[in-house]
Amino acid sequence: MRRRSLLFAVPAGLLTLAGCGDDKSGKSATSVSPSGSASASVKIVEGPLPDVTAGTKFGEKPTVAKGPGRPSKDLAVKTLIQGNGATVAAGDYLQANYLGQIWDTAKVFDNSWDRGAPAIFPIGVGRVIPGWDKALVGKKVGDRVELAIPPNLGYGEQGQPDAGIKGTDTLVFVVDVVDTFSAKSSAKGKAVPQNDAKLPKVGTNTDGKAPSIEVPRTAAPAKLVANYVLEGDGAAVKPTDTLLLQYKGVVWDGGKEFDSSYKNGQLAQFPLQQLIKGWQEGLVGKKVGSRVMLVVPPDLGYGDKAQPGIPAKSTLVFSLDILAVM
């Protein structure tokens, strides 16, 4: 099992002190933000910042020197490598590799490279320490950014003792912006032919709008169907994964929509193990970056229990864009 990031740990973490649990609505659980002022008038300066002495390319784990002398009392931000991808906006889910260490000692207290996967978290909305929110909104995918964050924009006077961070410590981060996801994100995989006339057809648009779902006027299949619409090239989904998704669901009989992240205007974040069996069985093994069409029979959906917009014993059809693993 992958070692858990300090980003998501209790009590030390860039994210809020509570974990990022979600219910079926896709809305994040309520949590308490780390202390520290996040005033709108934060001053950003270019330095001083310590040198990156090894691992200087994007994607490489960096080695960072000890801070040179006294750090600035302001937020220091420097783009070390300029990317040319999408611009990170407030409210996006930022996917990033990062290393964090203490200015005075160069002691590394957290890094994503050793866990083997980038972290994903909301940015610019108070879910991370203020220095990250202020420094990374507006950066581009492909950027490598170095930050020196004073205590008031980090963990405040209380610090994070479990991570070895004192209330007086300036924190240094090197952040590689891997990707960014918003309510307009779509899967970008390769279109797969949909030739079975007895199965629904799902749109292949990648403009962030909800894809069409055309349900045939035939009897619904009795067993689960899980087919690629767009096949990505990411890692295979595991049963224990939490997924970042776009989705749309309709009832087979009549094709009426009953739920949609597109209509809600926000991405969905779901632990796969907490979802209906049809999702659990249908999405495991599918590749990140894909759009998947699921036909879920009643026994793998909601069975004989009616739900809002879903009559009892309904077969359900879903389009799901697997954007990332959290």
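Computed from a predicted model, the values in this text were never measured in an experiment.
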[Y] side chain reached by [X] side chain, heavy atoms, under 4.5 Å:
| X | Y | value |
| --- | --- | --- |
| Thr315 | Val251 | no |
| Phe173 | Ile129 | yes |
| Leu199 | Pro221 | yes |
| Trp113 | Pro118 | no |
| Thr218 | Trp252 | yes |
| Val64 | Val174 | yes |
| Leu224 | Val295 | no |
| Leu243 | Val237 | yes |

Nearest non-hydrogen partners of [X] and [Y], listed with the distance:
| X | Y | answer |
| --- | --- | --- |
| Ile213 | Pro200 | CG2-CB, 4.4 Å |
| Pro297 | Ala222 | CB-O, 3.5 Å |
| Ala163 | Phe109 | O-CB, 3.6 Å |
| Ala197 | Pro216 | O-CB, 3.6 Å |
| Ser186 | Gly208 | OG-N, 2.9 Å |
| Pro211 | Val202 | CB-CG1, 4.1 Å |

Same apolar cluster (I L V M F W Y, side chains within < 4.5 Å links), [X]/[Y]:
| X | Y | answer |
| --- | --- | --- |
| Ile149 | Val45 | no |
| Val141 | Phe121 | yes |
| Leu294 | Val250 | no |
| Val172 | Val145 | no |
| Ile102 | Val175 | yes |

Under the side chain to side chain donor-acceptor pair (under 3.5 Å) test, residues paired with [X] that sit two or more places apart:
| X | result |
| --- | --- |
| Thr180 | Asp92 |
| Gln246 | Ser261 |
| Gln280 | none |

- Task: State whether a side-chain donor-acceptor pair under 3.5 Å links Lys248 with Ser319.
- Result: no
- Message: Is a donor from one side chain sitting under 3.5 angstrom from an acceptor on the other, for Asp169 and Tyr155?
- Response: no
- Who passes salt bridge (charged side-chain N to carboxylate O under 4.0 Å, His left out) against Asp176, sequence neighbours left out? Arg144
- Task: State which residues pass salt bridge (charged side-chain N to carboxylate O under 4.0 Å, His left out) with Lys277; sequence neighbours excluded, sorted by chain then number.
- Result: none
To the nearest 0.5 angstrom, please state how far the [atom1] atom of [X] sits from the [atom2] atom of [Y].
| X | Y | atom1 | atom2 | answer |
| --- | --- | --- | --- | --- |
| Met326 | Ile120 | CE | CD1 | 5.5 Å |
| Leu267 | Tyr262 | CG | OH | 9.0 Å |
| Gln101 | Asp110 | CD | CG | 12.0 Å |
| Leu300 | Ile276 | CG | CD1 | 8.0 Å |
| Trp132 | Leu94 | CH2 | CG | 7.0 Å |
| Leu136 | Leu147 | CG | CG | 5.5 Å |

- Pair Ile165-Leu171, side-chain contact (heavy atoms from CB on, under 4.5 Å): steps then yes or no: CA-CA 9 Å; Ile165 300 171; Leu171 308 179; 3.8 Å; yes
- Passing candidate, side chain to side chain contact (heavy atoms under 4.5 Å, CB included) with Leu272, options Thr240, Val284, Thr242, Val325: Val284
- Item | Option among Leu244, Leu283, Asp241 that satisfies the side chain to side chain contact (heavy atoms under 4.5 Å, CB included) test with Ile322 | Leu283
- Message: Tell me which pairs pass salt bridge (Lys or Arg N to Asp or Glu O under 4.0 Å) where either residue lies in residues 302-326, with sequence neighbours left out.
- Response: Arg291-Asp321
Name every donor-acceptor pair, under 3.5 Å, that has one atom in a side chain of residues 65-85 and the other anywhere in the protein, sequence neighbours excluded.
{"from": "Ser72", "atom 1": "OG", "to": "Asp74", "atom 2": "N", "distance (Å)": "2.9"}
{"from": "Thr79", "atom 1": "OG1", "to": "Lys139", "atom 2": "NZ", "distance (Å)": "3.1"}
{"from": "Gln82", "atom 1": "NE2", "to": "Asp143", "atom 2": "OD1", "distance (Å)": "3.3"}

- Message: side-chain contact (heavy atoms from CB on, under 4.5 Å) for Gln160 and Lys166? Distances and angles first, verdict last.
- Response: CA-CA 6 Å; Gln160 288 288 0; Lys166 303 190 298 294; over 6 Å; no
- Given the side-chain rings of Tyr302 and Phe258, with only the six-membered ring counted for Trp, is the space between their centroids under 6.0 Å? no
Exercise answer: donor-acceptor pairs, residues 48-61 side-chain atoms, under 3.5 Å, sequence neighbours excluded:
{"from": "Thr53", "atom 1": "OG1", "to": "Thr63", "atom 2": "O", "distance (Å)": "3.3"}
{"from": "Glu60", "atom 1": "OE1", "to": "Thr56", "atom 2": "N", "distance (Å)": "3.3"}
{"from": "Glu60", "atom 1": "OE1", "to": "Lys57", "atom 2": "N", "distance (Å)": "3.2"}
{"from": "Lys61", "atom 1": "NZ", "to": "Asp114", "atom 2": "OD1", "distance (Å)": "3.0"}
{"from": "Lys61", "atom 1": "NZ", "to": "Asp114", "atom 2": "OD2", "distance (Å)": "3.3"}

- Begin with the C-alpha distance, continue with both residues' side-chain angles, and end with the deciding distance and a verdict on side-chain contact (heavy atoms from CB on, under 4.5 Å) for Val225 and Lys223. CA-CA 6 Å; Val225 177; Lys223 295 183 178 181; over 6 Å; no
Check side-chain contact (heavy atoms from CB on, under 4.5 Å) between [X] and all other residues, then give those that pass, not counting sequence neighbours.
| X | result |
| --- | --- |
| Val137 | Ala90, Ile123 |
| Ser112 | Asn97, Tyr98, Arg115 |
| Lys287 | Tyr228, Glu231, Ser290 |

- Task: Just grab all the side-chain hydrogen bond (donor to acceptor under 3.5 Å, both in side chains) pairs involving residues 187-216, residues at least two apart or on different chains.
- Result: Asn205-Asp207
- Item | Positive for side-chain hydrogen bond (donor to acceptor under 3.5 Å, both in side chains) with Tyr93, one of Arg127, Gln266, Gln269 | Gln269
- Run the numbers on Val42 and Leu153 for side-chain contact (heavy atoms from CB on, under 4.5 Å), then give the verdict. CA-CA 9 Å; Val42 170; Leu153 297 176; 3.7 Å; yes
- Item | Check: Leu316 main-chain N/O paired with Ser314 side-chain donor or acceptor under 3.5 Å | no
